[in-house]
Amino acid sequence: MTEPVRVRFAPSPTGKPHVGNIRTAMYDWIFARHTGGKFILRIEDTDVARKKEGALEAIMESLKWLGLDWDEGPDVGGDYGPYFQSQRLELYKAAAERLVAQGDAYYCYCSPERLEALRKEQEARKQLSGYDRSCRNLSPQERAAKEAAGIRPVVRFKTPEQGQTSFHDLIYGDVVFENNTLDDFVMLKSDGYPVYHLASVVDDHAMKITHVIRDEGWISSVPRHLLIYKALGYEPPQYVHHPVIVGADRAKLSKRHGAVSLLDFRDIGYLPETMFNFLTLIGWSLDDKTEIMTREQIVKNFSIERMGKTGAFFNTDKLDWMNGVYIRGLTVEDLSDKLLPFLDKYLPPEIKRPLDVNYVKQIVPLIRERINTLKDAAAYADFFFVDKLEHDASKLVDKKMDAETALTALKSAEETLSSLENFDRDELENTLRPLADDLGIKAGQLFSVLRVATTARDATPPLFETMAVLGKERCLKRIKAAISRLNNHRD
RNA sequence: GCCCCCAUCGUCUAGAGGCCUAGGACGGCGGCCUUUCAAGCCGUAAACAUGGAUUCGAAUUCCAUUGGGGGCACCA
């Protein structure tokens, strides 16, 4: 019988998680849900210096926004807590001391200065090879002297100098390392905090983690982990390393690649379902054609075997397209609700708040297939809200028309429209098409002038619908304004 | 310098020896629809890094080379 799957997302609280970090969490979560296992959130806060205020909140917020709920973690607890490594220091210390007692580790009293000098020298010789093991065989007397001098030691692992360490990665396959390419790495710092290698091994074992899913960059530290597992007599987990997301320069994604935090995408108006779908598709595919998938479909069909091993670029063009697909799939009600806070935030400040929900609902069908992010709506639809339009005289006069004709058209339109009773889409069309005939111009020409007059734009949703939503009063006012603008311009 | 990983259209990918004159998607280009802009639909250009080897047959296997990425911290 196989044990139930337990996977963990183990971020260190150093900032807002970017899409690469979060994709790892997604694979964890999807795999857990797919197998009916548990998804655990563990905070690796063992580096006091790098810890950032608000990072924990940002991590949880990111996960929640994407719908990645955790079964055990800092806030919800669980049988294997605590879930902050800073609260598990005794465990790491005990493990380290045990390894020292067993002869698999030793105390090292080398000063940071000495290590720094050593590294410098190795770099100069182009022979980086790690710690020189000078404390590996200190005599009891030597050690006592160092202790007496008040030096707080670190604990280093006694890496075998021969043999090899290998493992089978579920994505990358078999990987072999020569032990003599590894050094005696630090497990426990002098401040009593563990280093990642020790802490993650101790915790993964204590928390009964079955699969370690993390990015490819960790492959090179697996042998260290394996060595610790072996010394401690623990069974190692299955390893699942996945490729990273890269920036435009093909280097691993990081802060310097711009706005890549997941929460930034939320704030620009990408939908969580878009991000979920899109991010899984970087590095995983269902088949040779399926791209738009619900969370349920992904969970149901997910498999590690179908994950790739090549680093991938985060293509925002495709993301925009996909977000558009999801936006168009929303009901008017739903999209209106989602749009409201974005309109509120990004529409010009002089527009009266609160915005009229029912008015927004009328606008939504007109802009739905014209926006790719929720934020786009404000810039696209502001003419529905602003009070005074700034007409561009050159736009008012269509290329195929002179100012005189445009003016005449606007005046006739104003006169005709003012007598309309319903001012709905059909009535507008039934009135304006014949009007173009009467004026002796093409329908398109008339529509063009009216479009600019009523919206100050040359690209808008369909004219009749737009005018109907704007309403008779507002349209007539704007047409009048356009007429006087043209008059002034002519003089 | 040493170690590890990777390599199909511009991008994300399908492809696990013959189904590949390499499929899909985004983006590009052309067209249709059309009152503008979109959306939608149709079409089109575009890739197996290179060299060997194995095989009747290789994008698929093996070995080099080249290129890219990562690691070699009292960071994770």
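Just so you know, these numbers come straight off a predicted model, no measurement behind them. Naming: A, B, ... by sequence-line order, numbering from 1 per chain.
- Using a 3.5 Å distance cut-off with no hydrogens or angles, the side chains of A/Y270 and A/N372 do not pair a donor with an acceptor.
- Here A/F177 lies in heavy-atom contact (under 4.0 Å) with sugar-phosphate atoms only.
- Distance noted for atom P between B/G71 and B/A39: 40 Å (whole Å).
- Note on A/K338 versus A/D334: salt bridge recorded, some NZ/NE/NH1/NH2 to OD/OE distance being below 4.0 Å.
- Between A/E291 and A/K289, no side-chain nitrogen of the basic residue sits less than 4.0 Å from a carboxylate oxygen of the acidic one, so the salt-bridge criterion is not met.
- Residue A/A312 is in sugar-phosphate contact alone, with no base atom involved, counting any heavy-atom pair closer than 4.0 Å across all strands shown.
- A distance of about 13 Å separates the C1' atoms of B/C20 and B/G57, rounded to the whole Å.
- Rounded to whole Å, the separation between the C1' atoms of B/G43 and B/C37 comes to 23 Å.
- Across all strands shown, B/G1 pairs with B/C72; the Watson-Crick or G-U wobble distances both stay below 3.5 Å.
- As rounded to the nearest Å, B/G31 and B/C12 have C1' atoms that lie 27 Å from one another.
- With respect to the salt-bridge test (charged N to carboxylate O, under 4.0 angstrom), the residues A/K252 and A/D215 qualify.
- Side chains of A/Q85 and A/Y193: a donor-acceptor N/O pair is absent below 3.5 angstrom, by distance only.
- Between A/H225 and A/H197, the ring-plane angle classifies as tilted under the 30° and 60° cut-offs.
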Inset, instruction - Kindly determine whether A/F314 and A/F278 satisfy ring pair (Phe, Tyr, Trp, His ring centres under 6.0 Å), including the steps that lead there. - result: CA-CA 9 Å; A/F314 190 91; A/F278 188 75; 5.3 Å; yes

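- Across all strands shown, B/U35 remains unpaired; no Watson-Crick or G-U wobble contact has both distances below 3.5 Å.
- Using a 4.0 Å cutoff on non-hydrogen atoms, the parts of residues 453-470 of chain A near RNA chain B are A/D458, A/A459, A/T460, A/P461, A/P462, A/L463, A/F464, ordered by number.
- Taking the C1' atoms as reference points, B/G15 lies 8 Å from B/A59, given to the whole Å.
- A ring-centre distance under 6.0 Å is found for A/W218 and A/Y196.
- Judged purely by distance below 3.5 Å, without hydrogens or angles, the side chains of A/T405 and A/D402 pair a donor atom with an acceptor atom.
- When heavy atoms are screened at a 4.0 angstrom cut-off, A/D317 is found touching the sugar-phosphate backbone but no base atom.
- Within residues 370-377 of chain A, the residues having any heavy atom under 4.0 Å from RNA chain B are, by residue number, A/R370.
- Atom CZ of A/R136 is surrounded by more than 12 heavy atoms from other residues, nucleotides or ligands within 6.0 Å.
- Using a 4.0 Å cut-off between charged nitrogen and carboxylate oxygen, A/R119 and A/E123 do not count as a salt-bridge pair.
- Comparing the P positions of B/U60 and B/U50 gives a spacing of 10 Å, expressed to the nearest Å.
- Protein chain A touches strand RNA chain B; the 5'-most and 3'-most nucleotides with an atom under 4.0 angstrom of its non-hydrogen atoms are B/G1 to B/A76.
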